[in-house]
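This report concerns only the one structure given below.
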Number of protein chains: 2
Amino acid sequence: MKPKIADVANVAGVSPTTVSRVLNDRGYISEETRKKVHDAMKELKYYPNEVARSLYINKTFLIGLIFPTTSNPFYGQLIFHLENIASSLGYKVLLCNSEGREDKEKEYLEMLQRNQVDGIIAGAHNKEIEEYESTNLPVVGIDRNLSSKIPVVSSDNYHGGQLATELLIRQGCQKVIHINGPSDLDTPANLRRKAYEDVMRAHDLKPLTYEVEETDSPVIGQLFDENPQVEAIFASDDLIASNVIQEAKRRNLSVPDNVKVIGYDGTQTIRSIFPELSTVEQPIENIAQKALELLMKQIDGDDESLPLETILPVRLIESETTRV
Amino acid sequence: MKPKIADVANVAGVSPTTVSRVLNDRGYISEETRKKVHDAMKELKYYPNEVARSLYINKTFLIGLIFPTTSNPFYGQLIFHLENIASSLGYKVLLCNSEGREDKEKEYLEMLQRNQVDGIIAGAHNKEIEEYESTNLPVVGIDRNLSSKIPVVSSDNYHGGQLATELLIRQGCQKVIHINGPSDLDTPANLRRKAYEDVMRAHDLKPLTYEVEETDSPVIGQLFDENPQVEAIFASDDLIASNVIQEAKRRNLSVPDNVKVIGYDGTQTIRSIFPELSTVEQPIENIAQKALELLMKQIDGDDESLPLETILPVRLIESETTRV
DNA sequence: TTGTAAGCGTTATCAT
DNA sequence: ATGATAACGCTTACAA
């Protein structure tokens with residue numbers, strides 16, 4: 001069996017309390033016994049049992065991460081940074097892929113509570129889930145309004161939408177169409193659409209938005225069918241944007257000569273595979289950083305100074321797909 | 001404070017044991033008390049404390065996942081499936097991004113042991129780490145030989161290398177170059193290179209392999225500089241392949257007219273963003289499935305029938321970048 | 001059918 | 001400077 005503190009104590013010829021003291025550097029221990037204990041731990045290959053420790057101190061140093069899927073490069077990169085930063089703060093992460101399904105998200109939420117996580121960061125694509133209201137756990141949302149009291153971190157979606165739309169208009173396009181995800185999700189990402197519509201109207205252009213459920217939705221084909229004269233498309237994420245470009249190619253439309261396209265997110269992966277794609281880059285690492293900062297504040301009980309909304313700046317990346 | 005079994009017992013007017021029995025459906029309980037207990041749990045919003053439970057039953061239903069980074073679409077997709085399947089088996093996953101760093105991997109390994117995980121699945125890009133030898137935990141490696149006793153799951157790297165190389169030769173290329181990751185890692189992925197070299201020699205062609213540390217390595221430029229007459233490149237992953245294609249474009253070489261390129265992995269993300277890329281698709285979901293199956297066997301103590309090497313079939317995807 | 005009590009491995013309080 | 005003991009919330013013999 002795995003050695004426990006009592007075993008170490010036996011080998012070292014001291015009491016369990018003393019071993020615990022050495023382990024946690026608490027109280028006074030003579031150099032001699034400290035050494036004896038360390039030797040015993042090494043001899044037995046002793047590792048403290050964090051489960052027992054968690055039970056006693058009533059804290060697990062565990063954080064739950066609920067996102068649709070690590071498969072998507074945006075979430076993959078975000079989760080990478082979240083785990084990284086959490087780890088540097090001494091926290092471990094429990095990964096939950098909700099696939100945007102409400103039932104799965106609720107199950108995960110309960111599982112995380114049973115497992116006594118110290119906090120949750122969630123960004124799943126879901127409608128509001130009332131369970132977030134009732135939990136007393138520290139929670140932070142990313143690009144998603146979870147409840148009226150839960151802080152949200154997001155990039156400046158409105159400004160991003162402005163930058164993208166204005167770029168397309170500046171490049172001489174009038175017939176600019178927007179493609180967005182489902183609008184019934186309560187997410188600040190809806191501001192991308194709002195910004196697009198505002199900018200269009202400010203230029204006396206008629207906004208037109210298509211909604212897709214999946215990145216390779218047939219709606220994209222429909223868009224081209226219904227708008228043969230389309231000059232530019234602002235897609236609300238890079239995967240949709242690249243599907244738009246493929247559909248354009250299939251129709252022998254040249255990008256950017258016939259149609260200009262801009263996406264959103266600017267993940268490492270996309271920038272590496274498809275650097276020709278113009279996009280609005282989200283500050284993914286900063287989002288992760290800020291989310292954890294807000295979570296730590298809640299965990300440490302500094303609940304006063306919590307901003308309910310944190311908005312981080314985005315960056316326009318002009319590349320080939322929007323060239324004149 | 002959070003309610004515990006004793007609180008539920010008080011409200012229901014029974015003993016803690018009875019509550020535990022209801023919770024775990026063990027022993028005989030009258031319908032009446034069962035109902036009283038359930039009502040009390042609902043009233044108190046009681047969630048069992050899994051930490052306490054884990055301590056007693058000496059099992060956490062936790063699995064550690066050690067991979068370089070969720071940012072990379074291959075690992076992102078693999079981790080997605082691993083989490084998904086684990087979840088369906090009643091297990092939770094602790095995510096560790098090792099970034100291919102030996103020091104981080106060792107730290108994570110220790111952390112996972114302290115946290116009493118029931119098993120580990122690792123696929124980090126690292127040299128052999130002796131700590132894997134000494135641990136008594138169930139471990140499974142993915143595309144990576146962790147130690148002589150640890151089962152490894154991988155796709156058929158040799159066959160994949162053959163398929164890719166033979167395709168390029170079949171398309172009429174003679175001067176075919178291979179780009180691989182660092183060869184000092186002990187991974188079955190080295191077989192891709194071996195297969196390439198074998199196939200080349202079988203066709204009386206001279207194999208030439210370049211090694212890159214990063215997907216956007218300057219080595220790619222060097223390759224083109226040193227081999228202006230190169231006809232085809234077999235890259236050992238899709239990200240390298242797309243960097244090769246970009247470098248070719250920069251040099252005004254047309255793909256596939258001047259140079260043909262094939263990658264490896266065939267993740268959803270790449271297939272969606274860059275469907276023109278020919279590649280060898282790994283059966284990512286099956287790999288995850290198999291890895292968990294082998295891990296579960298170890299966890300359940302069925303250690304006899306454990307195959308040390310499991311090889312899953314790959315699929316050639318011919319697309320634009322290798323067209324004649 | 002239900003309850004009492006001990007124990008999982010740790011830490012903290014209070015002695016010594 | 002070190003040790004005995006109780007407690008964290010749960011499960012499981014063993015009793016009743």
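Chain letters run A, B, ... following the sequence lines, proteins first, then strands; residues in each count from 1.
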Completion exercise
Rounded to the nearest 0.5 angstrom, the CD-OG distance for E83(A) and S98(B) is 9.5 Å
Restricting to nitrogen or oxygen on both sides, can you table the protein-nucleotides 13-16 of chain C pairs closer than 3.5 Å?
none

Fill in the blank from the handout: Nearest heavy-atom contact between V139(B) and I150(B) is O-CG2, 3.4 Å
Exercise for the section: Please name the pair of heavy atoms, one in N49(A) and one in Y46(A), separated by the smallest distance, quoted to 0.1 Å. Expected result: N-OH, 4.2 Å
Distance-only check: which donor-acceptor pairs under 3.5 Å involve side-chain atoms of residues 283-296 of chain B, not counting sequence neighbours?
{"residue": "K290(B)", "atom": "NZ", "partner": "E293(B)", "partner atom": "OE2", "Å": "3.3"}

Fill in the blank from the handout: Numerically ordered, the residues 4-11 of chain B set in heavy-atom contact under 4.0 Å with DNA chain D is K4(B), I5(B)
Exercise for the section: Go through the structure and list residues passing side-chain hydrogen bond (donor to acceptor under 3.5 Å, both in side chains) with T18(A), not counting sequence neighbours. Expected result: S15(A)
Practice task
Could you list by number each residue of residues 44-63 of chain A showing a heavy-atom separation from DNA chain D of less than 4.0 Å, or answer none if no residue does?
Solution key: L55(A), Y56(A)
Exercise for the section: Please check the phosphate of dT2(C) (OP1 and OP2 only) for any side-chain N or O of T33(B) closer than 4.0 Å. Expected result: yes
Handout entry: Neighbour count >12 (heavy atoms, 6.0 Å) for atom NZ, K2(B)
Key = yes
Handout entry: Contact list for residues 300-309 of chain A, test side chain to side chain donor-acceptor pair (under 3.5 Å), sequence neighbours left out
Key = none
Practice task
Would you classify T18(B) as touching base, sugar-phosphate or nothing, given that sugar-phosphate means primed atoms plus P, OP1 and OP2, and contacts are heavy atoms under 4.0 Å?
Solution key: sugar-phosphate
Exercise for the section: Test R34(A) against R21(A) for side-chain contact (heavy atoms from CB on, under 4.5 Å), laying out the working first. Expected result: CA-CA 9 Å; R34(A) 182 192 301 278; R21(A) 283 207 183 89; over 6 Å; no
Problem - Counterpart residues, side-chain hydrogen bond (donor to acceptor under 3.5 Å, both in side chains), relative to Y91(A) (two or more places apart) - result: K59(A)
Practice task
Please lay out, stage by stage, how C96(A) and M111(A) fare under the test side-chain contact (heavy atoms from CB on, under 4.5 Å).
Solution key: CA-CA 10 Å; C96(A) 307; M111(A) 179 277 275; 4.0 Å; yes
Handout entry: Listed partners of S54(B) passing side chain to side chain contact (heavy atoms under 4.5 Å, CB included), at least two apart
Key = V51(A), T60(B)
Handout entry: Range on DNA chain D touched by chain A - first to last nucleotide, heavy-atom distance under 4.0 Å
Key = dA1(D) to dG9(D)
Problem - Gap between atoms CZ and C1', on R26(A) and dA12(C) respectively (whole Å) - result: 9 Å
Handout entry: Side-chain donor-acceptor contact under 3.5 Å, N115(B) with K92(A)
Key = yes
Completion exercise
Distance col, row L55(A):CG vs R53(B):CZ, nearest 0.5 angstrom, shows 14.0 Å
Fill in the blank from the handout: Taken in chain and number order and not counting sequence neighbours, the residues that satisfy salt bridge (charged side-chain N to carboxylate O under 4.0 Å, His left out) with D143(A) are R192(A)
Problem - Any residue meeting side-chain hydrogen bond (donor to acceptor under 3.5 Å, both in side chains) with E107(B), in chain and number order, not counting sequence neighbours - result: none
Completion exercise
If each end axis of the helix from dT1(C)-dA16(D) to dT16(C)-dA1(D) is fitted on five C1' pair positions, the angle between them, to 10 degrees, is 40°
